[in-house]
Q: 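Below are the structure tokens for one structure; questions will follow.
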Number of protein chains: 2
Amino acid sequence: MTFVFNERDGCGKCPIRHRAICARCDADELVRLEGLKSYKTIEAGQTIIWRGDDLSHFSSLVSGIASLSRTLEDGRTQMVGLLLPSDFIGRPGRDVVEFDVTAVTDVTLCRFDRKPFEQLVDEIPHVSQRMMEMALDELDAARDWMVLLGRKTAREKIATFLEMIVRRDQTPVHSGGQHVLPLTREEIANFLGLTLETVSRQLSVMKKDGIVAFSDRRHFAITDLEALHAATGDDADGGMII
Amino acid sequence: MTFVFNERDGCGKCPIRHRAICARCDADELVRLEGLKSYKTIEAGQTIIWRGDDLSHFSSLVSGIASLSRTLEDGRTQMVGLLLPSDFIGRPGRDVVEFDVTAVTDVTLCRFDRKPFEQLVDEIPHVSQRMMEMALDELDAARDWMVLLGRKTAREKIATFLEMIVRRDQTPVHSGGQHVLPLTREEIANFLGLTLETVSRQLSVMKKDGIVAFSDRRHFAITDLEALHAATGDDADGGMII
DNA sequence: CAGGAACCTTGATGTAGATCAACCCAGATG
DNA sequence: CATCTGGGTTGATCTACATCAAGGTTCCTG
């Protein structure tokens, strides 16, 4: 399966040098992989890996956004994760992907071969510790999302989604409170277990309620953060990890 | 957060000796924790840990079934995982639980203190490797469940649930194809993101369809496995990991 | 063995969100 | 500049599931 990890405090450059892989490893240890890396770019909309494909190498997202999803035979699709820069595709121990990985925007990957990577995991204990922690964080996030999918109303789903986008937005100086909405209405729907019409309607309602303001289809600002949070259905402290 | 791992090939005794913790560690390494373990039993229905509680020790399920769930302020609750014997409660690196852990049946735990366990993870590389792999398996399972919660119909949810119960049933000789249903209708509903009435109705429909037969409220047999699978909405190969 | 209590089933009705459909708008393309 | 295309909005209608409600079982307890 695809394993995704999150490390937003990296340098933004090639993740081989990232704290993502190991905050405690010294340079020597990480240099081992340098020679094996290669870059690849994928256009928005293209599928990076299909469910069931062989996982010949590991990749780390350098730039762009990708999604992890599954589509049932009749076309219903559910997104199960969003990959942001420094997230990771591939997992040690399994050689087949369980979900489709698709480029949401143009994407650059830094790839390296499986074998040497697995060896790294095997030989450098910090790496598997780090990956364990990250897998556990992802697991928490997935379970939070299960609560959303199973029990939240359309409005709560949208509010939770917007709050998540805002929380994850790393835009240095949040330019006038403006945030980018990286997904189409349909993609949001597939993320939230809704239809695109419901997403559109609920966003309209929240505009009328004075919670969000769209300057354009892809850019919004939160005009009432309190109200947004109240609309999520979560309690004060509770928060997703991702 | 609570981390759960699955190792069905253990000895069924105290998990300290389990392959669950480390298949590759030698006896000496594992013996270190032996002195620290203590047992605790919890009655069915009791909460083992509340969300937000301090995680003073790690536990491993010796017998019984527990659930992992979250309840929203207004009472809606969503189960996010089922813990079976040899599953694990607690995770290195975080000291607070993100979900409620509740005993579904009477439960016996084998507990040991956090600090020594974290040290074990730190010092014995196989352990964190093993835990990473298990966390990744859980992650796959959680994502499969997200597809169910977000996109499947009530009937598909029930069918998937029954299929999962059957797959996980370790009963040595599946006594006449009989399986135990360990959850009440309400618990099933909370697992599947439904109401208990819908669960009851869909089970009735599947009885009429000749897919399941209940000998009693808690015991059933699958009378048409083909049809059961067809009703799950999954494709032929696709399967949950758990 | 009588009386609860917890659990389950089934029916009637309500409703959130899906589905179907028409139209709008912005950016690409010739 | 016209037109086309891929989103996006908004309305009308439908439906799967929730909600409300009334029994029915099973099992526990005195």
Side-chain angles (χ1 to χ4, degrees), chain A residues 43-46 72 74-78 102 104-106 148-162 180-209 212-220 231 233, chain B residues 43-46 72 74-78 102-106 148-161 180-209 212-220 231 233:
Chain A
E43 268 181 32
Q46 296 305 109
L72 303 179
D74 59 0
R76 284 174 287 174
T77 107
Q78 177 64 50
T102 311
V104 171
T105 63
D106 288 354
L148 175 143
L149 291 172
R151 290 301 186 202
K152 289 195 176 180
T153 64
R155 169 171 244 252
E156 289 170 334
K157 286 177 175 182
I158 295 286
T160 307
F161 173 72
L162 290 178
V180 179
L181 230 190
L183 307 179
T184 66
R185 303 295 185 256
E186 186 178 21
E187 286 163 339
I188 298 172
N190 288 339
F191 199 24
L192 298 176
L194 297 171
T195 60
L196 64 99
E197 293 94 331
T198 300
V199 170
S200 181
R201 271 186 251 275
Q202 291 298 332
L203 284 174
S204 298
V205 172
M206 296 187 83
K207 268 186 269 177
K208 261 175 217 143
D209 292 354
V212 273
F214 278 80
S215 60
D216 128 18
R217 267 183 191 96
R218 291 304 193 91
H219 296 267
F220 68 97
Chain B
E43 268 180 33
Q46 295 305 109
L72 303 178
D74 60 359
R76 283 173 287 173
T77 108
Q78 176 64 51
T102 312
V104 171
T105 64
D106 288 353
L148 175 143
L149 292 172
R151 291 300 185 203
K152 289 195 176 182
T153 64
R155 170 172 243 249
E156 288 170 336
K157 287 176 175 184
I158 295 286
T160 308
F161 173 73
V180 179
L181 229 190
L183 307 179
T184 66
R185 302 297 185 256
E186 187 178 20
E187 287 163 339
I188 297 172
N190 288 337
F191 200 23
L192 299 176
L194 296 171
T195 59
L196 65 98
E197 293 95 330
T198 300
V199 170
S200 181
R201 270 185 253 273
Q202 291 298 332
L203 284 174
S204 297
V205 171
M206 296 188 83
K207 267 185 269 176
K208 261 173 219 145
D209 292 353
V212 272
F214 278 80
S215 60
D216 126 17
R217 264 180 194 97
R218 292 305 192 91
H219 296 266
F220 70 96

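Below, chains carry the letters A, B, ... as their sequence lines are ordered, and counting in each starts from 1.
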Q: Output the distance between atom CD (A:Glu186) and atom CG (A:Leu194), rounded to the nearest 0.5 Å.
A: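 Reported to 0.5 Å precision, the distance equals 12.5 Å.
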Q: Taking all atoms of both residues into account, what is the closest heavy-atom pair of B:Val104 and B:Pro182, and its distance?
A: CG1-O, 3.6 Å
Q: Please report, rounded to the nearest Å, how far the P atom of C:dC7 is from the CG atom of B:Leu203.
A: 16 Å
Q: Are any protein N/O atoms closer than 3.5 Å to N/O atoms in nucleotides 27-29 of chain C? If there are, list each pair with its distance.
A:
none

Q: Are the side chains of B:Arg217 and B:Arg185 in touch, meaning some heavy atoms are under 4.5 Å apart?
A: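 A side-chain contact exists here, since the closest heavy-atom pair is under 4.5 Å.
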Q: Report, one line per pair, each donor and acceptor closer than 3.5 Å where one atom sits in a side chain of residues 197-205 of chain A; sequence neighbours left out.
A:
from	atom 1	to	atom 2	distance (Å)
A:Thr198	OG1	A:Thr195	OG1	3.0
A:Ser204	OG	A:Ser200	O	3.1

Q: In whole Å, I'd like the distance from the CZ atom of A:Arg155 to the C1' atom of C:dA18.
A: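 It is 20 Å, rounded to the nearest whole Å.
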Q: Kindly assign one of parallel, tilted or perpendicular to the pair B:Phe220 and B:Phe214, based on the angle between their ring planes and the thresholds 30° and 60°.
A: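 The rings of B:Phe220 and B:Phe214 sit tilted, inter-plane angle from 30° to 60°.
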Q: In whole angstrom, give the distance that lies between atom CG of A:Asn190 and atom P of C:dG17.
A: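 Computing the A:Asn190:CG to C:dG17:P distance gives 17 Å.
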Q: Are any of the side-chain heavy atoms of B:Gln46 and B:Thr102 separated by less than 4.5 Å?
A: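 They are not in side-chain contact.
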Q: Between A:Asp106 and A:Ala44 (side chain of the first, backbone of the second, donor and acceptor by atom type, cut-off under 3.5 Å), is there such a pair?
A: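 Yes; at least one donor-acceptor contact below 3.5 Å.
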Q: Check whether any side-chain heavy atom of B:Glu187 sits under 4.5 Å from a side-chain heavy atom of B:Leu181, and report yes or no.
A: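 They are not in contact (no side-chain heavy atoms under 4.5 Å apart), so the answer is no.
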Q: Anything under 3.5 Å between a protein N or O and an N or O of nucleotides 18-25 of chain D, put it in a table, one pair a line.
A:
from	atom 1	to	atom 2	distance (Å)
D:dA18	OP1	B:Thr195	N	3.4
D:dA18	OP2	B:Thr195	N	3.4
D:dA18	OP2	B:Thr195	OG1	3.0
D:dA18	OP2	B:Thr198	OG1	2.3
D:dT19	O4	B:Arg201	NH2	2.9
D:dC20	N4	B:Glu197	OE2	3.2

Q: Give me the atom names and distance for the closest heavy-atom approach of A:Ala159 to A:Met206.
A: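 Shortest heavy-atom contact: CB-CE, 3.9 Å.
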Q: So B:Phe191 and B:Leu148, do their side chains get closer than 4.5 Å, heavy atoms only?
A: no
Q: How many angstroms lie between CZ in A:Arg76 and NZ in B:Lys152, if you round to the nearest 0.5 Å?
A: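 Going from the CZ atom of A:Arg76 to the NZ atom of B:Lys152 covers 8.0 Å.
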Q: Could you tell me how far apart A:Ile158 (CD1) and D:dT9 (C1') are, to the nearest whole angstrom?
A: 14 Å
Q: In whole angstroms, how far is the C1' atom of C:dT10 from the CZ atom of B:Phe214?
A: 16 Å
Q: Mind listing the residues from residues 182-189 of chain B sitting with a heavy atom below 4.0 Å of DNA chain D? Number order is fine.
A: none
Q: C:dG17 P sits how many Å from A:Arg76 CZ, rounded?
A: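 One finds 18 Å between P of C:dG17 and CZ of A:Arg76, rounded.
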Q: Testing A:Asn190, A:Asp74, A:Thr77 one by one against B:Arg151 for a side-chain hydrogen bond (donor to acceptor under 3.5 Å, both in side chains), which residue passes?
A: A:Asn190
Q: Considering only side-chain heavy atoms of B:Ser204, which listed nucleotide, C:dT9, D:dC17, D:dT9, is closest?
A: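 Of C:dT9, D:dC17, D:dT9, C:dT9 is nearest to the side chain of B:Ser204.
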Q: B:Lys152 NZ to D:dA16 C1': how many Å, rounded?
A: 17 Å
Q: Excluding sequence neighbours, so at least two apart, what forms salt bridge (Lys or Arg N to Asp or Glu O under 4.0 Å) with B:Asp216?
A: none
Q: Work out how much the helix from C:dC1-D:dG30 to C:dG30-D:dC1 bends between its end axes, five pairs an end, to the nearest 10 degrees.
A: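 Overall, the helix from C:dC1-D:dG30 to C:dG30-D:dC1 bends by 30° from one end axis to the other.
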Q: Between D:dT9 atom C1' and A:Leu196 atom CG, what is the distance in whole Å?
A: 10 Å
Q: What distance do A:Thr160 atom OG1 and A:Leu192 atom CG have between them, rounded to the nearest 0.5 Å?
A: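 Here the rounded value is 8.0 Å.
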